[in-house]
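Heads up, the thing below is written out as structure tokens.
Here is the naming used below: chain letters follow the sequence lines, and residue numbers restart at 1 for every chain.
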Number of protein chains: 2
Amino acid sequence: MHASLSVASDPRLPIYRQLSDLLRSRIEQGHWAPGSRIPPESELAEQTGAALGTVRRAIEVLVDDGLLTRQQGRGTFVRKADFSNSLFRFFRMTGEDGALLMPQGRILARRLAPLPAAVAERLSLRPGAEGLCLDRLRLVGDKPALLECIWLEAGRFAALAELPLEDFGDLLYPLYERACGAVVARATELLTVGSAGAVTAERLGIAPGAAVVVVDRLAYGYDGRPMEWRRSWGAADKFAYSIEIR
Amino acid sequence: MHASLSVASDPRLPIYRQLSDLLRSRIEQGHWAPGSRIPPESELAEQTGAALGTVRRAIEVLVDDGLLTRQQGRGTFVRKADFSNSLFRFFRMTGEDGALLMPQGRILARRLAPLPAAVAERLSLRPGAEGLCLDRLRLVGDKPALLECIWLEAGRFAALAELPLEDFGDLLYPLYERACGAVVARATELLTVGSAGAVTAERLGIAPGAAVVVVDRLAYGYDGRPMEWRRSWGAADKFAYSIEIR
DNA sequence: GAGTGGTCTAGACCACCGC
DNA sequence: CGGTGGTCTAGACCACTCT
């Protein structure tokens, strides 16, 4: 095929696959910024020498992967991940009256310290590398809902080490983007159940030893590399998660 | 379009949508049995008057929905749902050495009784309708792992009321199919965390009041109607579930 | 080799968006 | 109105499975 297709993609793969790999790499390398519009299908077809239907199929792959979204009449856009409610999806986050409430975030503590070995491994960093650790409380309607322990690479997130704690705001990921140019594309989570230690229980306002749901999250950037590790604790009696299986 | 398309499908919808609705209804009405092969795309195209590409797209919808699977060179098949491990996906089901173990099933009790109101509602049956209730223990390596309470419509599953308890085997869904001709297509599950009552704790071999994960499942047949409701309890310390979010 | 799904093309027209 | 994605067609050729 054309030159623009042969950029380090296995030529035995179907063209639409090679094309989607090409587009994916452009997105991951920041060639097209998150939220921005990519060129129209017709233009991509012309540039790559593929038929329009083939370009459409390549885009379809990335839409299914959650990297792009299409909007009829407007264009195709690099998707900005929206994690504003993702952790709270597992928990009931309504007030007394059942209304949805916007969770607040409050940084309890911040410190620079070597990354624990397990965290360093998950972040693909060398053990003992300098890390930035945040203790954070999330509240729904002024009541503690989640306690979070967050680890970041100190160098990349140096700006957060200086920022006044009051300026962190309720959402961290937009802050990462504003202050450090780090954009979260996706994340994996592991849910388990444990029991609250004394400190955790006190901060969450529950009885020591009470059951808590523990969510370990590893967040990745558009380059596919891990960026943030966090562990969250929430009262188990507030936990609910529904799923469809087939 | 052609007559075969206009079978009660909104004509304003795209043809591929109407077609997938048509195929879906045929599957749900048992026109093509689970596991069997549907006619080749070329034949469907000819019969319906649609282009091959349009038929392919309609099939694609159902493949994405999990109703069909394609096999290159062989054909397209009505998918048989395989729930053999679905409940255990949330739990660690390995032995001491980490090897995967086949869970066993043991019926503890069986009785005919009016469906509880909440169960009847979920099964879309009238309150007080006769139900068949099974108490079941699932074991991994001879150790209790899950306790289940299962409700079925008594009429449809009459064969199970007579069957010796030893003949139920380790998996219920294949039994439903063999004995009652009822095939499960999909299910929804709701996970919450609770604490074990005296009886539950004793049967699971855990301390009374210990945290348990509760899974409520509603299983549907190919006709889209609910068929079985079950609630399962498992020790929370064995619970683990991972998910990818974006 | 016959039959099936998988890929690809070239071109047409429609539906929606924003100016 | 022009530009975008959404649908649809008709046909070609490839890759795999089974016999």
- Query: Would you call Arg225(B) and Glu153(B) a salt bridge, taking side-chain N to carboxylate O under 4.0 Å as the test?
  - Reply: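 No, Arg225(B) and Glu153(B) are not salt-bridged.
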- Run the salt-bridge test on Arg24(B) and Asp65(B) with the 4.0 Å N-O cut-off and return the result as yes or no.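 Salt bridge between Arg24(B) and Asp65(B), a charged N being under 4.0 Å from a carboxylate O: yes.
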Would you say [N] has OP1 or OP2 under 4.0 Å from some side-chain N or O of [X]?
{"X": "Thr76(A)", "N": "dG5(D)", "answer": "yes"}
{"X": "Tyr16(A)", "N": "dC8(C)", "answer": "no"}
{"X": "Arg74(B)", "N": "dG5(C)", "answer": "no"}
{"X": "Thr54(B)", "N": "dT9(D)", "answer": "yes"}

- Measure the CD1-CG distance between Ile107(B) and Leu134(B) for me, rounded to the nearest 0.5 Å. 5.0 Å
- Spacing of CD belonging to Glu148(A) relative to CZ belonging to Arg231(A), to within rounding of 0.5 Å: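 Answer rounded to 0.5 Å: 13.0 Å.
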Nearest whole Å is fine: how far is [N] [atom2] from [X] [atom1]?
{"X": "Arg57(A)", "N": "dT7(D)", "atom1": "CZ", "atom2": "P", "result": "15 Å"}
{"X": "Arg70(A)", "N": "dT7(D)", "atom1": "CZ", "atom2": "C1'", "result": "12 Å"}
{"X": "Glu41(A)", "N": "dA10(C)", "atom1": "CD", "atom2": "C1'", "result": "15 Å"}
{"X": "Leu44(A)", "N": "dT4(D)", "atom1": "CG", "atom2": "P", "result": "11 Å"}
{"X": "Gln71(A)", "N": "dC16(C)", "atom1": "CD", "atom2": "P", "result": "14 Å"}
{"X": "Ile38(B)", "N": "dG5(C)", "atom1": "CD1", "atom2": "C1'", "result": "11 Å"}
{"X": "Leu52(B)", "N": "dT4(C)", "atom1": "CG", "atom2": "P", "result": "11 Å"}
{"X": "Glu60(A)", "N": "dG6(D)", "atom1": "CD", "atom2": "P", "result": "9 Å"}

- Pairwise side-chain contact, Arg230(A) with Leu172(A), heavy-atom cut-off 4.5 Å (strictly under):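 They are in contact (side-chain heavy atoms under 4.5 Å apart), so the answer is yes.
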Nearest of [options] to any side-chain atom of [X]?
{"X": "Arg37(A)", "options": "dT4(D), dT7(D), dG6(C)", "result": "dT4(D)"}
{"X": "Pro14(A)", "options": "dT7(C), dT4(D), dC8(D)", "result": "dT7(C)"}
{"X": "Arg56(B)", "options": "dT4(D), dG6(C), dT9(D)", "result": "dG6(C)"}
{"X": "Ile15(A)", "options": "dC8(D), dG6(C), dC8(C)", "result": "dC8(C)"}

- Message: On DNA chain C, does the nearest nucleotide to Gln72(A) precede the nearest nucleotide to Ala51(A) from the 5' side, or the other way round? Give the residue.
- Response: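 Its nucleotide being nearer the 5' end, the pick is Ala51(A).
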